[in-house]
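Quantities reported herein were computed from a predicted structural model and do not represent experimental measurements. Positions are given from 1 along the sequence.
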Amino acid sequence: MATRRYLVKRQAGAALLEALVAILIFSMGIIALMGLQAVSIKNSIDAKYRADAAYLANQIIGQMWVDRANINSYAHHPAGALCSFSGAASTYDPNMTGVTPNPGWLKQVADTLPGATSDFQQVIVTTPTANTRLVTVTVCWKAPQETIRHNFVATAEINMP
């Protein structure tokens, strides 16, 4: 009988300790799920920005395809490093729907993507062969609370009439 009392006394508090360990494990799982949700939301927002940039790049390429007679006039900041472009800005704006000024393509980019001013967009038009134009459109943006710029580059070869 004395041995039985000794064993019961020795195990006193073990259930409390087990409950604390279980709560700790459960809490770590909840914190991990919250972290996964935050990463998932960030990735979803990044994917939306990339999709918007692809849409905008394809939009100006489509416009250039239709307006092939003025395709060379679409060039915008054709030199410089990635997302730090230099060179002449485009002033071409047929019927206020071209690259610049408002409400042109650059304004659409600035209104759609965060931190996407006209200085961070590039349209290059080159002539690799006769009757052909190679168009490269680079769209850059900087998401809120980020230090680096993201970019999307679309290239198209347009045959001239």
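Atom CG of Asn151 is separated from atom CD of Gln121 by 10.0 Å, given to the nearest 0.5 angstrom. Ile71 CD1 to Arg133 CZ: the interatomic distance, rounded to the nearest 0.5 Å, is 7.0 Å. To the nearest 0.5 Å, atoms CG (Asp119) and SG (Cys83) are separated by 12.0 Å. Here Gln122 contributes atom CD and His77 contributes atom NE2; the two are 9.0 Å apart, rounded to the nearest 0.5 Å. The structure places OG of Ser118 at 10.0 Å from CH2 of Trp105, a figure rounded to the nearest 0.5 Å.
With sequence neighbours excluded, the residues forming a side chain to side chain contact (heavy atoms under 4.5 Å, CB included) with Thr112 are Asp52, Leu56, listed by chain and number. Every residue two or more places apart in sequence or in another chain that forms a side chain to side chain donor-acceptor pair (under 3.5 Å) with Thr129 is listed here: Thr132. The side chain to side chain contact (heavy atoms under 4.5 Å, CB included) test applied to Leu24 returns Met28, not counting sequence neighbours. Remark: Ala154 pairs with Ala57, Asn58, Ile61, Phe152 by the side chain to side chain contact (heavy atoms under 4.5 Å, CB included) rule, at least two apart or across chains. Every residue two or more places apart in sequence or in another chain that forms a side chain to side chain contact (heavy atoms under 4.5 Å, CB included) with Asp111 is listed here: Lys107.
Residues Leu33 and Gln37 have side chains not in contact (no heavy-atom distance under 4.5 Å, counting atoms from C-beta outward). No side-chain heavy atom of Ser40 sits less than 4.5 Å from a side-chain heavy atom of Leu36. Contact of the Tyr49 side chain with the Leu113 side chain is registered, since non-hydrogen atoms from C-beta on lie closer than 4.5 Å.
Checking side-chain atoms of Arg68 against main-chain N and O of Asn159 turns up a donor-acceptor pair under 3.5 Å. Checking side-chain atoms of Arg149 against main-chain N and O of Gly115 turns up a donor-acceptor pair under 3.5 Å.
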Candidate pair Leu106 and His76, rule side-chain contact (heavy atoms from CB on, under 4.5 Å), full reasoning: CA-CA 10 Å; Leu106 290 172; His76 182 74; 3.5 Å; yes

Worked check of side-chain contact (heavy atoms from CB on, under 4.5 Å) between Asp67 and Tyr74: CA-CA 10 Å; Asp67 190 20; Tyr74 282 84; 3.0 Å; yes

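Under a hydrophobic-cluster definition in which Ile, Leu, Val, Met, Phe, Trp and Tyr are linked whenever side-chain heavy atoms come within less than 4.5 Å, directly or via other members, Leu134 and Met160 are assigned to different clusters. Linking Ile, Leu, Val, Met, Phe, Trp and Tyr whenever their side-chain heavy atoms come within less than 4.5 Å leaves Val123 and Val153 in two separate clusters. Connection of Ile60 to Tyr55 is established within a shared hydrophobic cluster, with ILVMFWY side chains joined at heavy-atom distances below 4.5 Å, either directly or through further cluster members. In the hydrophobic clustering of ILVMFWY residues, with side-chain heavy atoms under 4.5 Å counting as a link, Val109 and Val125 come out together.
Phe26 forms part of a hydrophobic cluster together with Ile30, Met34, judged by ILVMFWY side-chain heavy-atom separations under 4.5 Å. In this structure, Val66 stands alone, with no Ile, Leu, Val, Met, Phe, Trp or Tyr side-chain heavy atom under 4.5 Å from its own, directly or through other members. Taking Ile, Leu, Val, Met, Phe, Trp and Tyr as members and joining any whose side-chain heavy atoms lie under 4.5 Å apart, directly or through other members, the hydrophobic cluster of Val21 also contains Ile25. Hydrophobic side-chain contacts under 4.5 Å tie Ile31 to no other Ile, Leu, Val, Met, Phe, Trp or Tyr residue.
Of all heavy-atom pairs between Pro78 and Ala88, the closest is CD-O, 3.6 Å.
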If you look only at distance, which donor and acceptor atoms sit under 3.5 Å apart when one is on a side chain in residues 135-148 and the other is two or more places apart or in another chain?
from	atom 1	to	atom 2	distance (Å)
Glu146	OE1	His150	NE2	2.5
Glu146	OE2	Lys42	NZ	3.4

